[in-house]
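Just so you know, these numbers come straight off a predicted model, no measurement behind them. Chain letters run A, B, ... following the sequence lines, proteins first and then strands; every chain starts at 1.
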Amino acid sequence: GESVGLHLPTLSVQEGDNSIINCAYSNSASDYFIWYKQESGKGPQFIIDIRSNMDKRQGQRVTVLLNKTVKHLSLQIAATQPGDSAVYFCAEGGGYNKLIFGAGTRLAVHP
Amino acid sequence: DAGVIQSPRHEVTEMGQEVTLRCKPISGHNSLFWYRQTMMRGLELLIYFNNNVPIDDSGMPEDRFSAKMPNASFSTLKIQPSEPRDSAVYFCASTTTTGTNTEAFFGQGTRLTVV
């Protein structure tokens, strides 16, 4: 296998704690942003999206915050569970719904 | 809807052989994307289509790679000839935007191993 690869930052949390995963994006003209969850051996799974004219959106146990001034996006997961362990990607979208992905953050939930 | 369907799920082939990956997008989605995921580079956008028309193929690594979308319900990604460095997981995604919501869903991927 490959010995050198992307070094994914890892966030380790205790079960039941809240998790905050951060993402910096590059294109100030992006129309929307999406958070994805990817479990081992599976495709990225849509979690939540936010339009560029919003600064907060809430879903079930998740909240996404958008700060366009500093081009920063965050995903907050409430009461983190072992099933939340995965790699999380932010993606920025624009024309034709083209999505460009960040490198990802690994979330490890410990009992 | 069954979601984005990719086939095969796994493909092992010998260097030099032609490989064809297939994708069926979600019905009603008007954009389709092919991505490649590796440990070295993460998720890379290879090519995308809008209403069956290729919009941007600047992510396709070489002329050995080609993609088609003959109709709204089917797309292929072909590698000819394949090389060991093409080994990766290839994902297809389809998207649509309605009002303020964007749907963008991925298939389960095809794990390609070229030996």
I'd like to verify something: which residue of Y48(B), F106(B), F49(B), F33(B) has the highest number of heavy-atom pairs under 4.5 Å with chain A? F106(B)
Output the distance between atom CD1 (I100(A)) and atom CD (E44(B)), rounded to the nearest 0.5 Å. 10.5 Å
Group every Ile, Leu, Val, Met, Phe, Trp and Tyr by side-chain heavy-atom contacts under 4.5 Å, then state whether I48(A) and M54(A) land in the same group. yes
CG of L45(B) to NZ of K98(A): how many Å apart, nearest 0.5 Å? 6.0 Å
Might you confirm whether atom CD of E14(B) has over 12 heavy atoms from other residues, nucleotides or ligands at distances under 6.0 Å? no
Consider only side-chain heavy atoms of I, L, V, M, F, W and Y, link residues closer than 4.5 Å, and tell whether L107(A) and L75(A) are in one cluster. yes
If you draw a 6.0 Å radius around CZ in R106(A), do more than 12 non-hydrogen atoms from other residues or ligands fall strictly inside? no
Is the ring centre of Y35(B) less than 6.0 Å from the ring centre of F101(A)? yes
Flag if over 12 foreign heavy atoms under 6.0 Å of CD, Q60(A): no
Checking the side chain of Q108(B) only, and the main-chain atoms of G43(A) only, is there a donor and an acceptor separated by less than 3.5 Å? yes
When rounded to the nearest 0.5 Å, the distance separating OH of Y36(A) from CG of L43(B) is 10.0 Å
Shortest non-hydrogen separation from P44(A) to F91(B) and the atoms involved: CD-CE2, 3.9 Å
Near K42(A) NZ, under 6.0 Å, is it more than 12 heavy atoms from other residues, nucleotides or ligands? no
Check the surroundings of atom CG in D63(B): do more than 12 heavy atoms from other residues, nucleotides or ligands lie under 6.0 Å from it? no
Given a strict heavy-atom distance threshold of 4.5 Å, which part of D56(B) is in contact with chain A: side chain, backbone, both, or neither? side chain
Assert top hit (heavy-atom pairs under 4.5 Å, partner chain A, pool G107(B), A104(B), A93(B), S31(B)) equals A104(B)
Atom OG1 in T95(B), atom CD1 in I34(A): separation rounded to 0.5 Å? 8.0 Å
Heavy-atom cut-off 4.5 Å, strictly under: side chain, backbone, both or neither for Q45(A) against chain B? neither
Count I, L, V, M, F, W, Y as connected when their side-chain heavy atoms are under 4.5 Å apart, and connections chain through other members. Are L32(B) and F105(B) then in the same cluster? no
